Asks: 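I am attaching a structure below and will ask some questions about it afterwards.
Everything numeric in this text was worked out from a predicted model, so none of it was measured.
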Amino acid sequence: MEDYLQDCRAALQESRPLHVVLGNEACDLDSMVSALALAFYLTKTAKAGEIFIPVLNINRSELPLRGDNVFFLQKAQIPESVLIFRDEIDLHTLHQAGQLTLTLVDHHILPKSDAALEEAVVEVLDHRPIEQKYCPPCHVSVELVGSCATLVAERILQGAPEALDRQTASLLHGTIILDCVNMDAKIGKATPKDSKYVEKLEALFPDLPERKDIFDSLQKAKFDVSGLTTEQMLRKDQKAIYRQGIKMAISAVYMDLEVFLQRLDLLEDISAFCHDHSCDALVAMTIFFTPNNEPVRQLAIFCPHSALRMTICGVLERSTSPPLKLTPIPSVSPDLQAYVQGNTQVSRKKLLPVLQEALSAYFDSAKIPSGQPEVTL
């Protein structure tokens, strides 16, 4: 794959039409690997001279915040120097010149800042509930599996299995296992299709690492937040939803919430984060694992606007689809409400529609016509 990625970087220097495979703005392991593997496969099966460019949808300076990505690239012997990041390619200029074609992987709605690029989207491959009204008018493949890498593996193995090499198989295999929490049925993230393609990859490449070994090493790298500031923790794995000028950030934080809330200058740092990122509300979804590998999920809602905060908390507390089973825990500020989330099977992907509902409820109560949600997934 390294030679192919070098070819991609060389293609950026040429004045030619480009087909970009773009992951989501969180650039978690699933998004990164799905973009790399799908673009590599599409190039290997394309007409001679045609190249698909995988783009990581963050600035290069952001990669060190994603410890599992850095670890897995090193393990797969893919130098960071050959990757292409969002600040190294001007998609808007390419689009204005009529030289951009886009495939979206691991998301299906572009943020407001990229709305003009929707015209260039020809395909979507995603694994989260689709916002049909706001999805680009193109070929859309969406299936609610645990990992988007599963859908990429399916595409490759159904289309041209001979195009799959061990390096790519290893990336897909480890990503699915991490996303699906080592295929643990109690966690509830793995679907039958996720399990099917992990088994297919293992059958094709019997020397792939043991599931527990790769899961433990990736999980350790993902949850290592030592040395990160509060702002970096919140930025490390952040997504956002918007409605009618209101922006809510949703950050995955990989530590015990009660420890997080005790960080020095926490409220000042959270306030600064919201100011710098133009957020009206911040939802921190914390997760960590007990010594018995049982997940613990917690929520913190920070919002200085009391009416908006109360609406968000009310919708979360009353949610039945899915039920969150929230138990309030002591907070460090009137602007912050914290909970233990009893239903640990509700991940951020499943919580996003509830948070969208909360923004709708806020505008309904204020009797403000709610506009179309613009979602960064």
Side-chain angles (χ1 to χ4, degrees), residues 128-129 131 230-231 233-235 237-263 266-288 295-371 373-377:
R128 49 180 52 76
E131 290 276 345
T230 298
E231 191 269 344
M233 283 187 187
L234 294 171
R235 191 157 45 89
D237 191 355
Q238 177 211 333
K239 300 185 181 180
I241 58 175
Y242 307 77
R243 188 182 288 270
Q244 202 77 8
I246 295 285
K247 178 180 177 182
M248 181 193 299
I250 304 98
S251 297
V253 176
Y254 300 101
M255 67 188 304
D256 184 341
L257 179 60
E258 296 188 29
V259 176
F260 180 72
L261 293 178
Q262 293 170 12
R263 290 176 69 86
L266 177 80
L267 291 173
E268 291 87 343
D269 289 344
I270 290 179
S271 296
F273 175 88
C274 289
H275 177 268
D276 293 346
H277 294 265
S278 303
C279 299
D280 300 280
L282 166 70
V283 177
M285 298 188 68
T286 68
I287 181 169
F288 67 97
V296 178
R297 289 188 181 272
Q298 301 147 314
L299 287 175
I301 295 87
F302 175 82
C303 179
H305 313 289
S306 59
L308 178 57
R309 184 181 65 257
M310 290 170 66
T311 302
I312 295 168
C313 293
V315 169
L316 292 174
E317 290 170 6
R318 293 190 299 271
S319 176
T320 57
S321 181
L324 301 175
K325 301 179 181 176
L326 299 180
T327 304
I329 57 177
S331 175
V332 293
S333 164
D335 293 337
L336 189 148
Q337 177 65 57
Y339 301 95
V340 173
Q341 180 183 310
N343 186 353
T344 58
Q345 293 195 359
V346 180
S347 61
R348 179 170 55 186
K349 181 173 71 175
K350 296 175 182 176
L351 189 68
L352 279 170
V354 183
L355 294 171
Q356 291 166 349
E357 178 189 332
L359 290 186
S360 296
Y362 173 70
F363 283 107
D364 289 346
S365 66
K367 295 185 170 55
I368 300 172
S370 59
E374 301 140 7
V375 187
T376 300
L377 296 174

Asks: Quick check for you: to the nearest 0.5 Å, what is the distance between Lys325 atom NZ and Ser319 atom OG?
Replies: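 Nearest 0.5 Å value for the NZ-OG distance: 12.0 Å.
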Asks: What's the spacing between Leu316 CG and Thr311 OG1 if we round to 0.5 Å?
Replies: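 Rounded to the nearest 0.5 Å, the CG-OG1 separation comes out at 10.5 Å.
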Asks: Calculate, to the nearest 0.5 Å, the distance between atoms CD and CD belonging to Gln238 and Glu231 respectively.
Replies: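 Separation between the atoms: 9.0 Å.
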Asks: Indicate yes or no for a side-chain donor-acceptor contact from Arg348 to the backbone of Met285 under 3.5 Å, with no hydrogens or angles considered.
Replies: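 Judged by distance alone, no pair lies under 3.5 Å.
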Asks: Do Leu355 and Val315 touch side chain to side chain, with heavy atoms closer than 4.5 Å?
Replies: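 A side-chain contact is absent here, since even the closest heavy-atom pair is not under 4.5 Å.
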Asks: Determine yes or no for a side-chain-to-main-chain donor-acceptor pair under 3.5 angstrom, with Asp335 supplying the side chain and Phe302 the backbone.
Replies: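 Looks like no, no N/O pair under 3.5 Å.
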Asks: Check for a donor-acceptor pair, side chain of Arg309 on one end and backbone N or O of Pro334 on the other, with a separation under 3.5 Å.
Replies: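 Yes; at least one donor-acceptor contact below 3.5 Å.
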Asks: Does Ser251 use its side chain to pair, donor to acceptor, with the backbone of Leu234 at less than 3.5 Å?
Replies: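 The answer is yes, because a donor-acceptor pair under 3.5 Å joins these two groups.
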Asks: Just by distance, do the side chain of Lys239 and the backbone of Lys349 share a donor-acceptor pair under 3.5 Å?
Replies: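 Side chain of Lys239 to backbone of Lys349: no pair is present.
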Asks: Could you tell me whether the side chain of Asn343 and the main chain of Pro323 form a donor-acceptor pair under 3.5 Å?
Replies: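 Yes: the side chain of Asn343 pairs with the backbone of Pro323.
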Asks: Output yes when a side-chain donor or acceptor of Gln341 lies under 3.5 Å from a complementary backbone atom of Val346, and no otherwise.
Replies: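 Yes, Gln341 side chain to Val346 backbone: donor-acceptor pair under 3.5 Å.
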Asks: Does the Ser271 side chain pair with the main chain of Leu267, one donor and one acceptor, at a distance under 3.5 Å?
Replies: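 Side chain of Ser271 to backbone of Leu267, a donor-acceptor pair under 3.5 Å: yes, one is there.
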Asks: Evaluate side chain to side chain contact (heavy atoms under 4.5 Å, CB included) for Ile246 paired with Ile241, printing each intermediate quantity in order.
Replies: CA-CA 8 Å; Ile246 295 285; Ile241 58 175; over 6 Å; no
Asks: Would you give the length of the straight line joining atom OG1 of Thr286 to atom OH of Tyr254, rounded to the nearest 0.5 angstrom?
Replies: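 With rounding to 0.5 Å, OG1 (Thr286) is 11.0 Å from OH (Tyr254).
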Asks: Would you check, one step at a time, whether the test side chain to side chain contact (heavy atoms under 4.5 Å, CB included) holds for Val296 with Asp256?
Replies: CA-CA 8 Å; Val296 178; Asp256 184 341; over 6 Å; no
Asks: Is it the case that over 12 heavy atoms from other parts of the model lie below 6.0 angstrom from the CE atom of Met310?
Replies: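 No, the 6.0 Å shell around CE holds no more than 12 heavy atoms from other groups.
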Asks: Is a donor on one side and an acceptor on the other found under 3.5 Å between the side chain of Ser331 and the backbone of Leu336?
Replies: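 Between the backbone of Leu336 and the side chain of Ser331 there is a qualifying donor-acceptor contact (under 3.5 Å).
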Asks: Test side chain to side chain contact (heavy atoms under 4.5 Å, CB included) on Met255 and Phe288; report intermediate values, then the result.
Replies: CA-CA 5 Å; Met255 67 188 304; Phe288 67 97; 5.8 Å; no
Asks: Would you confirm whether Lys350, through its side chain, and Gln345, through its main-chain N or O, come within 3.5 Å as a donor-acceptor pair?
Replies: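 At least one qualifying donor-acceptor pair exists.
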Asks: Report yes if some heavy atom in the side chain of Tyr362 is under 4.5 Å from a heavy atom in the side chain of Ile312; otherwise report no.
Replies: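 Side chain of Tyr362 against side chain of Ile312, heavy atoms only: no contact under 4.5 Å found.
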Asks: Begin from the C-alpha positions of Tyr339 and Leu324 and carry the test side chain to side chain contact (heavy atoms under 4.5 Å, CB included) through to its verdict.
Replies: CA-CA 10 Å; Tyr339 301 95; Leu324 301 175; over 6 Å; no
